[in-house]
Amino acid sequence: MKRNRIRDILSQTQAGGIVTVAGWARTVRSGKGVTFIEINDGSCLANIQAVAETAAHDASLGKISTGASLRVSGRLVDSPGAGQRFEIAADEIALIGAAPPDYPLQKKRHSFEFLREIAHLRPRTNTFGAVLRVRSAMAQAVHEFFRNHGFLYIHTPIITTSDCEGAGEMFSVSASGGEAAGTAHFFGKPAGLTVSGQLEAELVCMALGDVYTFGPTFRAENSNTSRHLSEFWMVEPEMAFAGLDEDARLAEDFLKHLFRAVLAECPEDMAFFDKWVFNGAIERLEKIASSGFSRVTYTEAVGLLEKSGEKFEFAPAWGADLQSEHERYLAERVFGGPVIVTDYPKDIKAFYMKLNDDGRTVRAMDVLVPGVGEIIGGSQREDDLEKLEGRLRSIGLDTAPYWWYLDTRRYGSAPHAGFGLGFERAVQFVTGMQNIRDTIPFPRVPRHADF
RNA sequence: UCCCGGGUAGCUCAGCCGGCAGAGCAGGUGGCUGUUAACCACCCUGUCGGGGGUUCGAAUCCCUCCCCGGGAGCCA
């Protein structure tokens, strides 16, 4: 079906010509003489208004209600009414799919909680259309950034038999039908869905230099919060011959690139979020895109928290993990923007992180942003075989299952570093959406995997 | 998983110190109008989350389970 996208029509400099649009009616206002139909086709936030002389059309015009799909052809003219620049003087209106009166989406505002229950229809709302357009722009920008920086895009496994990644509880994978159903383990040993592509990315990094993954990630944690999903998308770059400083710089440049890309490509959607979802969303992104991220070491951060005079539920103490309230205080009150906290005590971080010379901290970093908290976690990796084996043993892990991982330290080891970005958390930060479940079309969280 | 707050019409919510279940919006009908969250009039809409208990009587009080939201933990 030949059609003109509303986005293209509205970007024209002047009226004129015959256009055909196809989309869904957002609202219909009908009178004796004329009927106004606002159509949205998802190509942009704005609707286009079609005006029909009621008498000139058949009975199907009366069946066009909110939610119906239709096609309209007519002249694109300057609108005499306020509120829109162009409109379509409809010559032909074809109802394609009627929406009966029980169509759940009303013209007025719905709660996000309700929309989550009808996630199959919520892409048809202003907010979710905008979220999905921004999300798409950000995903494209991820690839654009790494391509521009010479990183190779690699695909790491979704199914894994290494339960040793330590990043969280795994979902198990087994055969449920066919001749394999009866076997104890389809893959010969227990298998699960990946909780991180990092370990495999490190392997390829030790050959191709600079690589990244961008794929689905699964955590079987019983987390019920506004910033956790059971299935989420993670971006994980890994750089060879690089340390924590380069890692932090990459993280900062990367985030700024994403923010600039959204500002440039989705100004209309961002204006919508700024007005209806989070006041100041645009200014916040512009400010961050043009200024440096703050940097502190963990030790300095704990010091800042201790002398802040702030009453925390949990008193900050060196050696303890930063609580959510501490992270929020740092990003929102102390630095008023993104802050990179580095060099955490080794006992509260993963085994693979590079030990500092002080013997008690590791080359780790967390990027904290206002409102969301931790958006990136990364580190320089331990590239010394003996130290890595020592770390594994000291936390009571057997080194044998890690033979392939340790081999990269055994043969031609090199310093390398990387991080993981929670893609939905980035979408959350950009749009100001409060709940991460509203940043992905069909969220998977404990008790919910519908649609 | 823990701590709070909730669950009443299709949606958003009021009613909650026990006494006839309500409003706005949506929907239907009619009217009116180059309208724009259109407007006006009328009409329709209920397992008051489920179960149990107290009571002459429970949406309202008690117990319990389920579900939702916010916060915490885990993390990205």
Side-chain angles (χ1 to χ4, degrees), chain A residues 26-38 46-54 62 65-67 77-84 87 89 99-118 125-126 165-169 195-198 214 216-236 251 276 312-314 320-328 348-350 365-369 372-378 419-429 434-440 445-448:
Chain A
R26 283 294 178 78
T27 173
V28 179
R29 294 178 290 274
S30 195
K32 194 179 285 175
V34 282
T35 295
F36 299 93
I37 307 168
E38 281 194 41
N47 305 323
I48 196 159
Q49 173 170 280
V51 187
E53 299 293 329
T54 308
S65 56
T66 300
V77 298
D78 289 313
S79 177
Q84 63 280 315
E87 63 186 25
D102 58 353
Y103 179 62
L105 289 171
Q106 298 174 11
K107 287 184 242 184
K108 69 170 203 169
R109 191 181 167 88
H110 287 289
S111 69
F112 291 141
E113 290 85 353
F114 171 68
L115 292 175
R116 262 169 236 150
E117 295 170 9
I118 52 166
T125 64
N126 285 336
E165 288 166 350
E169 297 296 319
V195 294
S196 166
Q198 181 198 317
F214 181 11
T217 309
F218 308 87
R219 304 272 169 93
E221 302 284 358
N222 191 10
S223 297
N224 292 290
T225 81
S226 58
R227 57 189 183 284
H228 285 88
L229 292 166
S230 303
E231 176 184 293
F232 64 101
W233 287 67
M234 188 152 63
V235 181
E236 296 179 284
W276 297 105
F312 293 110
E313 194 186 341
F314 297 94
D321 219 339
L322 295 179
Q323 301 283 317
S324 280
E325 56 177 341
H326 301 150
E327 295 183 342
R328 211 175 312 123
I348 58 173
K349 287 292 180 183
M365 68 164 185
D366 283 355
V367 180
L368 314 177
V369 296
V372 177
E374 184 180 347
I375 196 171
I376 281 178
F419 62 77
L421 167 87
F423 187 64
E424 285 76 15
R425 287 188 182 175
V427 176
Q428 226 185 327
F429 179 72
Q434 295 223 316
N435 195 310
I436 200 165
R437 298 169 190 201
D438 301 329
T439 63
I440 187 168
V445 295
R447 294 187 302 278
H448 294 281

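Note on naming: letters A, B, ... go to the chains in the order of the sequence lines (proteins, then strands), and numbering restarts at 1 for each one.
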Please evaluate the base of [N] for a donor-acceptor partner in the side chain of [X] within a cut-off of under 3.5 Å?
| X | N | answer |
| --- | --- | --- |
| A:Ser223 | B:C74 | yes |
| A:Gln106 | B:G10 | yes |
| A:Glu87 | B:G34 | yes |
| A:Arg29 | B:C39 | no |

May I ask you to evaluate whether [X] reaches the phosphate of [N], defined as a side-chain N or O under 4.0 Å from OP1 or OP2?
| X | N | result |
| --- | --- | --- |
| A:Arg447 | B:C66 | no |
| A:Arg437 | B:G70 | no |
| A:Lys107 | B:A38 | yes |
| A:Ser324 | B:G73 | yes |
| A:Arg109 | B:G24 | no |

If you check every side-chain atom of [X], which of [options] has the closest atom?
| X | options | result |
| --- | --- | --- |
| A:His110 | B:C11, B:A38, B:U36 | B:C11 |
| A:Val51 | B:G73, B:C75, B:G34 | B:G34 |
| A:Arg227 | B:G28, B:G69, B:A72 | B:A72 |
| A:Thr27 | B:A38, B:C75, B:G34 | B:A38 |
| A:Glu221 | B:U36, B:G34, B:C74 | B:C74 |
| A:Ser79 | B:G73, B:U35, B:A76 | B:U35 |
| A:Phe36 | B:U12, B:A38, B:U35 | B:U35 |

Check your understanding: How far does CZ of A:Arg26 sit from CG of A:Leu105, to the nearest 0.5 angstrom?
Key -> 8.5 Å

Check your understanding: Does atom CD of A:Gln434 have more than 12 heavy-atom neighbours, drawn from other residues, nucleotides or ligands, at distances under 6.0 Å?
Key -> no

Checking base pairs now: Watson-Crick or wobble, both atom distances under 3.5 Å. What partners [N]?
| N | result |
| --- | --- |
| B:A72 | B:U1 |
| B:G57 | none |
| B:A21 | none |
| B:A37 | none |

Exercise for review: For nucleotides B:C42 and B:G51, find the distance between their P atoms and express it as a whole number of Å.
Suggested key: 37 Å

Exercise for review: For B:U47 and B:G22, measure between their P atoms and round to the nearest Å.
Suggested key: 15 Å

Review point. Looking across every strand, which nucleic acid part, if any, lies under 4.0 Å from A:Glu313 by heavy atom: base, sugar-phosphate, or nothing?
Key: nothing

Review point. With centres under 5.5 Å and planes under 30°, do A:Phe232 and B:A76 count as stacked?
Key: yes

Exercise for review: Go through A:Arg29 and A:Glu38 one step at a time and tell me if the salt bridge (charged side-chain N to carboxylate O under 4.0 Å, His left out) criterion holds.
Suggested key: CA-CA 9 Å; A:Arg29 294 178 290 274; A:Glu38 281 194 41; 3.2 Å; yes

